[in-house]
Amino acid sequence: MRECTGTPVWPCAMVGAASCLAGFSDVGVVIHGSSGCYYFADYAIPDPLYCTFLMEDEVVFGSEERLIEIVEGISQIYPNIAVVNTCVPSLMGEDIRDFLSGYNTFVIDAPGYTGQMEAGWHMALRTLDASVDAEREGVNIDGICSVDRFAPGNLMEIKRLLGMAGISVAGIFSADTLESVRHASPVTVEACPALSSDIGTSAGSLLGIDNLRDTFGQLGNLFETADTDPVLDEIDRTEEVIIKECDRFLRRFDPPSAAVFSISSYAELVSELLRDYLDSEVVSIGCRDLPRSSAPAGPGAGVRMGHTTDLRRIREMIRSETPDIIFGSSFENTLSPETPFVSLTYPLKTTAMLHHRPVAGTEGVLSIIEGVLNSLMAVKK
Amino acid sequence: MNSNPLHLNTSRFEGCTVTGALSVSAFVNDAVSIVHGPAGCSHLNMNLFHTTLLQHNTFRFFDIITSGMDENDVIFGGEKALKESITTALERSPKAIFVISTCIPETIGDDILQICAEDRGVPVIPIKSSGFLGGSFNEGYESALTALLELAEPQERHDGGVNIVGEKNLEFEVEENFLEVERLLSALNLDVNVRFVRDVDTNDIRNFCKGDLNVIRDDQTGNLTRHFEKTTGIPSVGSFPTGPGNTIKFLMRVGDVCGVDSRDAVQEEFALQEELVADFSDLRGETITFDSFGFQNTDALIFDEVARLIGIRVDDSGTVIPVPMGMPVGTTGLRHMLKQWRRFIHA
């Protein structure tokens with residue numbers, strides 16, 4: 001069944017694949033396709049990208065010469081080159097691997113018609129040849145996707161918490177080198193479980209208070225030399241701050257109803273925070289990706305985790321439920337500019353976001369609650 | 001970014017026909033545009049338009065829908081997906097549907113013309129595009145303008161004013177450029193008939209042929225002028241006026257075509273240009289040079305003319321002035337440009 005037949009608000013597989021691969025500093029990424037495809041990928045992905053900028057002639061007569069020309073050029077810069085096939089080159093069926101055999105390349109067939117961004121992300125992960133090295137110390141960090149504006153903040157925050165516990169960082173999917181993730185640690189923590197690499201055994205997610213406690217508890221058991229007590233203390237203090245501030249809000253105002261639109265992992269996180277600390281009713285959840293479960297986002301959350309990337313459907317959800325606060329992208333913000341809004345997912349064009357704001361870790365939780373209270377209070381003044 | 005950026009290859013970098021076509025068709029208020037291809041192609045363009053309009057301080061979305069082609073459609077043909085998306089579009093009760101194809105249906109050979117030809121009670125107009133296989137942004141833009149002209153109805157009289165054709169809806173100064181042309185036309189006592197195509201209804205387009213002149217935004221190839229003159233019989237001016245001399249010539253040419261005495265309007269414009277020279281007299285004697293970043297179109301004649309008018313010397317040793325993305329339109333556009341020159345000179 002086609003994933004979206006309305007007005008889609010989420011990028012295609014090609015962008016996900018390119019985003020994953022461009023996160024590796026020793027990989028040059030070539031979009032094998034037209035300038036239209038390249039410009040969009042380049043717009044969404046902050047890392048450098050290259051392109052064959054295909055034209056009709058090369059589709060008719062073959063793209064070998066053009067592809068070699070580009071790969072030859074960037075092979076002077078990068079030890080590894082990833083070629084990401086867009087729709088038409090994928091259909092052409094050329095034996096790209098054969099005519100690039102003289103270069104250190106790998107090819108990812110991620111045409112847009114194969115699915116959404118996260119599908120391309122997972123396809124790219126599978127081509128990395130990443131594997132566990134039992135001798136590698138530390139933990140891997142999963143789910144660092146450059147299209148996600150919160151990824152840099154998540155990475156900084158997770159490194160900080162792991163450092164506080166005396167645990168080193170091993171492979172990062174994907175903000176690392178290829179060499180590093182090909183010798184990944186046996187243990188992984190997740191910044192965004194929806195983008196999990198499935199490399200190493202997961203010690204858990206770092207989204208939300210409960211997950212943080214569980215995951216650092218688990219890490220304490222797995223790493224004998226680790227001291228997770230300072231982190232667990234910080235988690236407790238963070239929760240106290242949140243309870244105090246949310247209680248101050250609830251002494252004056254009713255619990256806000258909320259609509260949440262984002263990748264499923266973040267939607268689940270926000271829904272749980274709102275339920276646990278603000279007694280909120282989450283009236284709509286629209287996941288950009290297919291959620292792993294369609295269960296309600298936690299007991300009492302009321303609404304099921306549904307998948308939608310259709311702008312018109314999102315508009316209907318917002319209009320019918322009239323939430324007090326919306327979490328999402330600039331699309332949702334534009335649909336209802338008068339409703340208090342908290343940035344949560346790509347694209348974010350209506351609000352400035354200059355610093356590296358996390359959603360993971362204790363700082364991430366604080367940042368979300370701070371955003372909720374400030375945006376709600378701004379309209380109640 | 002590309003190891004072969006020769007002039008011969010510049011069309012490699014000029015984007016996709018789908019974006020060009022949508023930059024026209026999406027601005028018909030009561031119509032729906034269908035992008036026949038994978039969902040990502042629609043998202044790409046919808047996102048681009050959203051971001052661009054936010055920069056114009058405009059909070060809105062367009063009715064762009066996708067046929068959402070997936071792997072099955074690629075294998076078995078995308079015609080079913082297109083038919084379904086037309087059905088979805090019809091549920092929104094549009095006055096017209098525009099079908100823009102991406103590179104995938106072109107490659108697998110979907111018969112889009114046949115599907116669009118079926119009677120559905122509203123016009124379903126295919127716009128020749130085919131993603132990058134149909135050319136670049138400009139080809140899509142021109143295809144959309146010529147395709148949407150199908151909505152125009154023959155008229156007995158051509159005295160309804162001036163048609164503004166092919167405004168670049170993604171251009172940052174699009175509204176300011178229109179207002180300047182409207183000001184110049186108003187100096188000749190001429191009204192605008194229809195903005196083809198910017199925020200219009202299909203009914204506005206039906207009245208296109210009431211116009212007695214087409215002013216085309218920018219038709220360097222002459223394709224649009226030829227097509228519009230041949231199809232509608234309405235004479236055309238092939239570009240918005242850029243530069244002091246061209247602005248005067250524009251007034252005279254429009255006056256001639258519309259049978260209006262342009263002498264007063266021309267004198268008023270000369271007076272405005274003299275005022276401009278006086279307002280920027282502090283720049284007299286300065287030295288500047290232009291930076292086109294290696295790819296922008298430098299219409300050096302216009303810049304030299306403006307520099308001479310103000311009394312600025314152009315020399316490689318001078319203050320570097322970035323070439324604007326679009327040439328300044330009319331005397332008002334020159335004023336905005338000179339303010340930028342002043343900022344750079346005094347920086």
Which atoms of [X] are under 4.5 Å from chain B, going by heavy atoms: the side chain, the backbone, both sets, or neither?
X	value
S330(A)	both
Q76(A)	neither
Y43(A)	side chain

Rounded to the nearest 0.5 Å, how far does [atom2] of [Y] lie from [atom1] of [X]?
X	Y	atom1	atom2	value
E56(A)	E106(B)	CD	CD	7.0 Å
N45(B)	T7(A)	CG	OG1	12.0 Å
H50(B)	T350(A)	NE2	OG1	6.0 Å
C37(A)	L44(B)	SG	CG	7.0 Å

Are the side chains of [Y] and [X] in contact, using a 4.5 Å heavy-atom criterion?
X	Y	answer
F132(B)	V59(A)	yes
N47(B)	Y346(A)	yes
L54(B)	T334(A)	yes
M46(B)	V9(A)	yes

Is the [atom1] atom of [X] crowded by more than 12 outside heavy atoms at less than 6.0 Å?
X	atom1	value
E118(B)	CD	yes
K95(B)	NZ	no
K349(A)	NZ	yes

Return the option, out of D57(A), L91(A), V60(A), with the maximum number of heavy-atom pairs under 4.5 Å with chain B. L91(A)

What residue in C12(A), P347(A), C87(A), P11(A) has the most heavy-atom pairs under 4.5 Å with chain B? P11(A)

Check: Y38(A) side chain, F13(B) main-chain N or O, donor-acceptor pair, under 3.5 Å: no

Where does [X] contact chain A at under 4.5 Å (heavy atoms): side chain, backbone, both or neither?
X	value
T107(B)	side chain
I108(B)	side chain
F61(B)	side chain
D63(B)	side chain

Which heavy-atom pair separates G36(A) from C16(B) by the least distance, and what is that distance? CA-CB, 4.0 Å

Testing the basics here: between S35(A) and G15(B), what is the closest heavy-atom pair and its distance to 0.1 Å? OG-N, 2.9 Å

Polar side chain donor-acceptor pair, T19(B) to Y39(A), under 3.5 angstrom: no

